[in-house]
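Working notes for the structure below.
For ligands, and for the atoms within them, numbers begin at 1 and follow the listed sequence. Computed from a predicted model, the values in this text were never measured in an experiment.
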Amino acid sequence: MIGKKLEDALNGQLNAELYSAYLYLSMSSYLESLNLSGFGNWMRVQFEEEQFHAMKLYDYIIERGGRVICKPIDGPETEWDGPVGAFEATLAHERNVTGLINDLVYLARDERDNAGEVFLSWYVSEQVEEKNNVETILGKLRLADGNPQALLMIDQELGTRVYMPPGTAEGGKK
Ligand code: FEO
């Protein structure tokens, strides 16, 4: 059975992952409103990824004999400064999430919960991948530097992203 401290902290992370999903859905809608449907698609896939992160926690809390408590999810922002502003906000958000995951790992260690620590290692790797993906897109956006043709090319590329749950043949690749 999971300890109360880690159970509460994992519940907090479940809420944070659902907030992330809601944030990226909000970004998707914002980018669609700029007629950047490829960027909108990328964020919509990100919304699905974050729901997967949340549900993985949901299943784990139950598997360990804990109880999931569904708390209110904060409302995300609705406006950014174009695609660069949205991806800068995404990078800042993911850095914050990485900090939250690291804190969970330290807590699992303090609680001498080896199984919890192993479970959380999946999130540690996932954060590295997410940060890299966002940095790559942000790098391309900065290179494009407001050039509409280059922006549309990136939009086209991001429009090809398809959600694959991690664990399936292509899952986890973005
Ligand atoms: Fe669930 Fe984007 O980290």
Inset, instruction - Decide, yes or no, whether a salt bridge links Lys5 with Asp110 under the criterion of side-chain N to carboxylate O below 4.0 Å. - result: no
Legend entry - Validation row, ring centre Trp42 to ring centre Tyr163 under 6.0 Å: no
Inset, instruction - Answer yes when Arg44 and Glu49 have at least one side-chain N-carboxylate O distance shorter than 4.0 Å, and no when they do not. - result: no
Inset, instruction - Please report how many protein N/O/S atoms lie under 2.8 Å from atom 1 (Fe) of ligand 1. - result: 3
Legend entry - Closest approach of Pro83 to Phe39 (non-hydrogen atoms, all atoms of both residues): CB-CE2, 4.0 Å
Legend entry - salt_bridge(Glu88, Arg142) N-O dist < 4.0 Å: yes
Inset, instruction - Consider only side-chain N and O atoms of Glu17 and Gln51, and report whether a donor and an acceptor are under 3.5 Å apart. - result: no
